[in-house]
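Working notes, beginning with the structure itself.
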Protein chains: 2
Amino acid sequence: MSSTSYPPARNNRTRNRKKPRRDEIPDIVIGRLPIYLRTLRQMTAEGKEITSSQELGQILGISSAQIRKDLSHFGEFGKQGTGYNVTYLCRQLEKILNVDHTWPVVVVGAGSLGTAIANYQGFAKRGFQIVAICDEDPGKIGKEVAPGLVVEDCARLSARIREEGVKIAVIAVPAHAAQRVADMLVEAGIRAILCYAPTTLKVPPSVRVEYIDPVIHFQHMTYYLR
Amino acid sequence: MSSTSYPPARNNRTRNRKKPRRDEIPDIVIGRLPIYLRTLRQMTAEGKEITSSQELGQILGISSAQIRKDLSHFGEFGKQGTGYNVTYLCRQLEKILNVDHTWPVVVVGAGSLGTAIANYQGFAKRGFQIVAICDEDPGKIGKEVAPGLVVEDCARLSARIREEGVKIAVIAVPAHAAQRVADMLVEAGIRAILCYAPTTLKVPPSVRVEYIDPVIHFQHMTYYLR
DNA sequence: TCCATTTCGTACATTTTATCACAATTCAAG
DNA sequence: CTTGAATTGTGATAAAATGTACGAAATGGA
């Protein structure tokens, strides 16, 4: 093993970096960090110990300068002339993104999408454990849609969100039901919603919503297909 | 019915708008158009005939000026003092986005995600018809995963892409297989890929890739959960 | 008809984001 | 030890995106 250490032993006399102020960091920067993290984890899996902003940029199709500047908002994680220690940078990004522990997640909607989500192993592997799923359809309640995951009544889900302090939810219901579901989730204390329904939700500013609508992506791409 | 007509009868002597040049329009603008379209279609379904940039902005949480500016890249679709005719603006956006006809789509991967995608009615409703699905697992080939959709051999899918001129594909396989699948699709003539695998693909510049990775969204949101 | 109100489309100003380019550092080879 | 190549972190600059504000319609009611 080499004698090099991460983080670099920086000289505080010569480096007088300004304290990173969370609330000033652009959201667009935050949005790129998970991509960096995913790529670094992939490198870890491949046994790669060191990388550079150039290599990362190459893989991701963005400039090395952008990666360095993005990271510089949070501290100094690399070493000049050498690059970044993959494992160390992973850990740092996990801390920054607040994913250095497992988050419980609830799913609303147990149709084919909800079921697919419940069965996706990738969530747990990356720190998001689906702890409950519900559906309005009485015919679905009681069904085990994934190993150890039985469809509950929506009221029961709401209670569990409160009891267990769940903060993250997935909406996998038809568009016409999505706003009603969102209202219920917000009321129960959910703070982050991943919405698969093809509609825009109205929620208080304290709640963050992100959307996944594959058709939006198709329509974006067809513009360039002439 | 009112006597108003869309598009507005504009006076070409006073309005000397520059010709919109496709290749100059920022991608970020293109990316918002499908959202506008989705919202307008929702309005149509609700029987709403007229809307305004202000109303749209309210619903979507963006400024009215941005909506007007985005649309202005492509022409003049509204009427001062009145707003936009919902149906007319829908048709225009469909033309701009190249979704004024149905696109055939193929899916690679017939696991739970691929199956959910194959069963999702929302694609056909919005102009994207899934015409074929394939999987490497011989155990899955021949299975009918959705009404009228039987899992094929990957080689057969490749042939159909060529024969039928399919341009759009969905990748719904594990990350470790995604690059191999992408190479196959590009080779077969696919020009747009929607990738559900949590990895970044390497494709020629002529091929466009968009990604859907729910964990990325979770990790983006957890940053704000403190 | 006239006036008040609404809304669009856009020129201009401001803010945000991305890129450039370089001093400082690290390391390995000679 | 010295040199050369690689790489970081960042101030300066450039580019892109967004917001402001206003003239020019359009409408409806007095």
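So you know, we letter chains A, B, ... as the sequences are listed, proteins then strands, and number each from 1. Bear in mind that the values here come from a model prediction, so they are computed numbers and not experimental data. Quick note: numbers below take in every heavy atom, side chains included, and nothing from hydrogens, waters or symmetry partners.
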>> Rounded to whole Å, how long is the line connecting atom CD of B:Glu55 with atom P of C:dT7?
In response: 9 Å
> Given atom CZ of A:Phe77 and atom P of D:dT10, what is their separation to the nearest angstrom?
Replying inline: 11 Å
> C:dT7 phosphate, OP1 or OP2: any side-chain N/O from B:Gln54 under 4.0 angstrom?
Replying inline: yes
> Considering residues at least two apart in sequence or located in another chain, which fulfil the salt bridge (Lys or Arg N to Asp or Glu O under 4.0 Å) criterion with B:Lys48?
Replying inline: B:Glu55
> How many Å lie between CD1 on A:Ile67 and P on D:dT8, as a whole number?
Replying inline: 9 Å
>> Once ring-ring contact (aromatic ring centres under 6.0 Å, His included) is applied, do any residues pair with A:Phe123, and if so which ones, sequence neighbours excluded?
In response: A:Tyr120, B:Phe218
> In whole angstrom, what separates A:Asp27's CG from D:dA17's C1'?
Replying inline: 15 Å
> Under 4.0 Å between a side-chain N/O of B:Ser53 and OP1 or OP2 of C:dT7, yes or no?
Replying inline: no
> What is the distance, rounded to the nearest whole Å, between atom CG of A:Leu89 and atom P of D:dT7?
Replying inline: 15 Å
> Rounding to a whole Å, what distance do you find between A:Leu71:CG and D:dT7:P?
Replying inline: 16 Å
> Can you tell me how far P of C:dA24 sits from CD of A:Glu76, to the nearest Å?
Replying inline: 14 Å
> Which pairs with one or both residues in residues 191-207 of chain A pass salt bridge (charged side-chain N to carboxylate O under 4.0 Å, His left out), sequence neighbours excluded?
Replying inline: none
> Residues two or more places apart in sequence or in another chain: which of them pass side chain to side chain contact (heavy atoms under 4.5 Å, CB included) with B:Pro204?
Replying inline: B:Val186, B:Ser206, B:Val207
> Nearest-Å distance, CD (B:Gln58) to P (C:dT7)?
Replying inline: 12 Å
>> I'd like to know if A:Gln80 reaches the base of C:dT25 with its side chain such that a donor and an acceptor end up less than 3.5 angstrom apart.
In response: no
I'd like a table of atom pairs between the protein and nucleotides 18-21 of chain C - only N or O on both sides, under 3.5 Å - with the distance next to each one.
unit_1	atom_1	unit_2	atom_2	d
C:dA18	OP1	A:Arg32	NH1	3.1
C:dA18	OP2	A:Arg32	NH1	3.3
C:dA18	OP2	A:Arg32	NH2	2.9
C:dA18	OP2	A:Gln66	NE2	3.3
C:dA18	O5'	A:Gln66	NE2	3.2
C:dT19	OP2	A:Ser63	OG	3.2
C:dT19	O4	A:Lys69	NZ	3.2
C:dA21	N6	A:Arg68	NH2	3.3

> Distance only, no hydrogens: is a donor on one side chain within 3.5 Å (strictly under) of an acceptor on the other, for B:Asp70 and B:Gln66?
Replying inline: no
> Roughly how far, to the nearest 0.5 Å, is the CD1 atom of A:Ile212 from the OH atom of A:Tyr196?
Replying inline: 3.5 Å
> Of all residues at least two apart in sequence or in a different chain, which pass the side chain to side chain contact (heavy atoms under 4.5 Å, CB included) check with A:Ala65?
Replying inline: A:Ser63, A:Arg68
> So, is B:Tyr84 close to the D:dA26 phosphate, meaning a side-chain N or O under 4.0 Å from OP1 or OP2?
Replying inline: no
> At under 4.0 Å, does any side-chain N or O of A:Lys79 touch on OP1 or OP2 of C:dC27?
Replying inline: yes
